[in-house]
Amino acid sequence: MPTNGTSSRREVRQGAVEENLSDSDDAKYDDEDYHAPWGPILIVLAVELCERLTYYTLAGSQKTYLNKQLGFSPSSAAAMNSVFSMLCYMWCLPGGLLADSFGRYKVIVCLASIYALGTVVVAISVHADLQIPLKGLFLFGALGLIPLGTGGIKPNICNFGADQIGDETPARKETQKKFFSFFYLSINVGVLFAFGYFANLTTHGQPPYIPLEEGYFAAYIVAAASMIIAVMTFVGGTGLFTISPGGGIDGFLTMVKTVGHSVTSGGGWRAYVCALGWSLMPLFFLVTFVAALQSDPAEAAVVSGNSTITNVTLPAAVAVHSEVPNRFEEACLTNRELSDEFRPWDTGLGSAVSFDEFVATATDSMNGASFEGVTGLATQPRRLHGGGGGGGKVGQLLTQIAFVLGSISCICLVIAHRNNKWMKPLPKKEATTFTIEEVREGFATVPLIIVINICFNMGYNAMNNAMPGQACQMNTLLFGSQLNGAFFNLGDALAIIVFTPIFESIMYPFFGMLKGSEVRLGQKLIAGMLITALANCISAVLEIKRRHSPLMCWEAVSECAPNGIHMRNISAFWMFVPFALIGAGEILVNPCMYYFAYTAAPARVRSLVQAFNLFMQGAVSNAFTAIVMKVAFPNDLDTGNLEYYYFINVVCLLVGIILYFYLTKCGSNAEDIKEEVRDEELDPTEHEYGPHRHEEMQEMSGSSTSDSE
């Protein structure tokens, strides 16, 4: 016999079913007549493309600019570039809050204008004649204005585009899904232009049209123009937009007050766990920020001690070592093919010379100065992009503290918010129009945002550090010239650009036809994580094969590997396979998380939830990756086991899939997520009704039949 509570819930659900049935004809006609508002959508996509082109042109080149042009040590330059990225994601949170309070359109226009101003400031300050005098202006623009502007655009422009479509009918919801996919495609078109051309323009120029010394100025002027065009295009499209006013700050304040009230009013242990999790999050970010600012003192000392021998030019094929990197390179040096005779070098010798003769001549040209620290020599411990430490002991300690704080915070938030029934409504005198149901819905998005973003991005981040470093020690030769390992990142961007239309127009409809229903968000998320796990497995296999391939002692040392390291005789173009697979995984995961953060969040805090999604995606996941790299990323790829790092990523992705099922299918988890999102999107098994709900639906059906009889 059902309880009164069960009976009440059944009546509510039956009423909802009847209401949906009564509205179905209207929805059907609306779907048939519906046409997507492509005018405002295309404007939003163009704005995002321009903004991402600007962002990645700066992010992809300013580390080198800080080091080579402004004189910062390599580790200081890397740290400041990390701070730039972190600030951009940090400002997403206040940017989202402002948009929910005052309206997305106003915030986008205001902060995008600040962004454009920042790019102009940066472009002026990198002119060849002004770089040192305007050093402070560059830092103000790069670390102040641009991150602030990014925080206003990034969490709001995608939501603003979705607002143009609406979610009142199934047709509109499907259009929203496609919009988020093409929104992600537009991001990667910007990435392709930035990394494919403009980042290279900064360091090489475009002779004879753009001299080498003006490369940064030319690239950054284009980036500034791109951002100005984005702002003008957005403002120019105002008449086409559906502009919603802000809902005030009540939503955010009510959510904060509800947590505090639940802690003091019998919310139980979950309330305390929730409060601990949210309290540790800003502390985690602060410690991570300070850790990123730490420089490596040893590296700085080496840089400052090299000035007396900077005019010496060593041939790329010769690795003169005061310390041989490893036993494999030692074998290269003792190989008579390499050490007995060389081609003429740019040393003025004019004929083939022996290795010893070259060293003697080069030493004389330096007036007896030591080779230690010269570019091209391996005198320091090997350090790959993002791996193996940095920041000295203080930086490493702070990074470890940040990892502990972040882990505790994320675990607490997942445990506390997998079910939010413990949250107590505010007293009447403090209550607002933002209801307790909306508070619970907002917090219910947190566990999935944390789990999916951390687990997926652990595997995704391999593309930004391990895979380019691995490619650098493979055969990168193309038409006699070496490619940088970062070049293969283009495989990811190209895969997204090529596969997004294929997925949307062919793959999703095909699989939907096979199973008799549309492909669900949960199914895409799981498929994306499995594909990314496969990419990491392939990278691990390629690394094992690379390590067992012979060193290319007859070729120049790698131009992008650690100093004095030769390539191995296996084509780096194999790396396009895992890069492309990660791109396919991104299509299935990141746009879906944008859609989930938009759809599952209450309307008045949508930008804030989207900002939290981006913060977890860009800042928190990178902090966890940094720790895993310190543990599992070898300083020497030839003698270490990089594949272990990839296997850890695979485990993280598989754990993420298990946790996804736990958070969406077990017990009372995810009950507070909007019902249509939970049952129609998150459930990958398509068994949206559990045993009790199935029984209730049968009883409802039987009741309806008997009434009709």
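Quick caveat: nothing in here was measured; it's all calculated off a predicted structure.
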Worksheet item: What do the steps show when you test V47 against I229 for side chain to side chain contact (heavy atoms under 4.5 Å, CB included), and what is the final call?
Response: CA-CA 8 Å; V47 168; I229 291 171; over 6 Å; no
Residues which pass ring pair (Phe, Tyr, Trp, His ring centres under 6.0 Å) with [X], listed by chain and number, not counting sequence neighbours:
| X | value |
| --- | --- |
| Y56 | F195 |
| F160 | F234, F241 |
| Y598 | none |
| Y184 | none |

I'd like to know if the side chain of [X] and the backbone of [Y] have a donor-acceptor N/O pair within less than 3.5 Å.
| X | Y | value |
| --- | --- | --- |
| E681 | G522 | no |
| N590 | E586 | no |
| S262 | G267 | no |
| K515 | S517 | yes |
| E430 | P427 | no |
| T532 | G585 | no |
| K257 | L426 | no |

Worksheet item: Is the centre of the F179 ring less than 6.0 Å from the centre of the Y595 ring?
Response: no
Practice prompt. May I have all residue pairs that pass ring pair (Phe, Tyr, Trp, His ring centres under 6.0 Å) and include part of residues 422-442, sequence neighbours excluded?
Written response: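 For residues 422-442, and leaving out neighbouring residues, there are no ring pair (Phe, Tyr, Trp, His ring centres under 6.0 Å) pairs at all.
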What pair of heavy atoms forms the shortest contact from [X] to [Y], and how long is it?
| X | Y | answer |
| --- | --- | --- |
| L653 | G459 | CD1-CA, 4.1 Å |
| Y660 | I452 | CD1-CD1, 3.8 Å |
| C410 | M281 | SG-CE, 4.4 Å |
| D100 | L608 | OD2-N, 2.8 Å |
| L240 | G39 | CD1-C, 4.5 Å |
| A493 | L192 | CB-CD1, 4.4 Å |

[X] side, atom [atom1]; [Y] side, atom [atom2] - distance, nearest 0.5 Å:
| X | Y | atom1 | atom2 | answer |
| --- | --- | --- | --- | --- |
| T119 | I114 | OG1 | CD1 | 12.0 Å |
| K665 | R678 | NZ | CZ | 10.5 Å |
| N159 | F180 | CG | CZ | 5.5 Å |
| I454 | L659 | CD1 | CG | 10.5 Å |
| T254 | E438 | OG1 | CD | 9.0 Å |
| N188 | E48 | CG | CD | 10.0 Å |

Worksheet item: Will you find, in the side chains of T625 and N461, an N or O donor that is under 3.5 Å from an N or O acceptor?
Response: yes
Fill in: Heavy atoms from other residues, nucleotides or ligands near NZ of K106 exceed 12 (cutoff 6.0 Å)
no
Worksheet item: Is atom NZ of K178 surrounded by more than 12 heavy atoms (other residues, nucleotides or ligands) closer than 6.0 Å?
Response: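 Incorrect, the count does not exceed 12.
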Worksheet entry | Sidechain N-carboxylate O distance under 4.0 Å for D672, K421 | yes
Worksheet item: Is it true that K177 and E174 have a side-chain N and a carboxylate O under 4.0 angstrom from each other?
Response: yes
Could you work out, with side-chain hydrogen bond (donor to acceptor under 3.5 Å, both in side chains) as the rule, every residue matching [X], not counting sequence neighbours?
| X | result |
| --- | --- |
| T238 | Y105 |
| D167 | R606 |
| T150 | none |
| N156 | S607 |

Run the side-chain donor-acceptor check on residues 502-511: report pairs under 3.5 Å with partners two or more places apart or on a different chain.
from : atom 1 : to   : atom 2 : distance (Å)
E504 : OE2    : S181 : OG     : 2.7
S505 : OG     : P501 : O      : 2.5

Worksheet entry | Selection residues 263-273 - residue pairs positive for side chain to side chain donor-acceptor pair (under 3.5 Å), sequence neighbours left out |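 Checked against side chain to side chain donor-acceptor pair (under 3.5 Å) - neighbours excluded - the pairs reaching residues 263-273 are H261-S265.
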Going by heavy atoms in the side chains, are [X] and [Y] under 4.5 Å from each other?
| X | Y | value |
| --- | --- | --- |
| L588 | L525 | no |
| T288 | L405 | no |
| L111 | I153 | no |
| K154 | R52 | yes |
| K524 | V589 | no |
| M227 | M232 | no |
| L276 | L280 | yes |
| I450 | F612 | yes |

Worksheet item: Passes side chain to side chain contact (heavy atoms under 4.5 Å, CB included), M255 versus M423? Steps please.
Response: CA-CA 10 Å; M255 294 177 75; M423 287 186 161; over 6 Å; no
Only pairs under 3.5 Å count here: list side-chain donor-acceptor contacts from residues 83-96, not counting sequence neighbours, and write none if there are none.
none

Fill in: Reference residue L45; test side-chain contact (heavy atoms from CB on, under 4.5 Å); the match among C158, S186, P40
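Between L45 and the candidates, side-chain contact (heavy atoms from CB on, under 4.5 Å) is satisfied uniquely by S186.
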Practice prompt. Could you check L614, N613, L521 and say which one makes a side-chain contact (heavy atoms from CB on, under 4.5 Å) with M593?
Written response: N613
Worksheet item: For the residue pair W278 and H417, does the interplanar ring angle fall in the parallel (under 30°), tilted (30 to 60°) or perpendicular (over 60°) class?
Response: tilted
Discussion item. Working note: T433 + R604, criterion side chain to side chain donor-acceptor pair (under 3.5 Å); need CA distance, chi angles, decisive distance, verdict.
Written reply: CA-CA 11 Å; T433 56; R604 283 198 279 175; 3.1 Å; yes
Practice prompt. Run the numbers on I108 and I157 for side chain to side chain contact (heavy atoms under 4.5 Å, CB included), then give the verdict.
Written response: CA-CA 7 Å; I108 291 172; I157 190 70; 4.1 Å; yes
Item to complete: Please assess V439 against F443 for the test side chain to side chain contact (heavy atoms under 4.5 Å, CB included), listing each intermediate value before the final yes or no.
Response: CA-CA 6 Å; V439 170; F443 281 119; 3.8 Å; yes
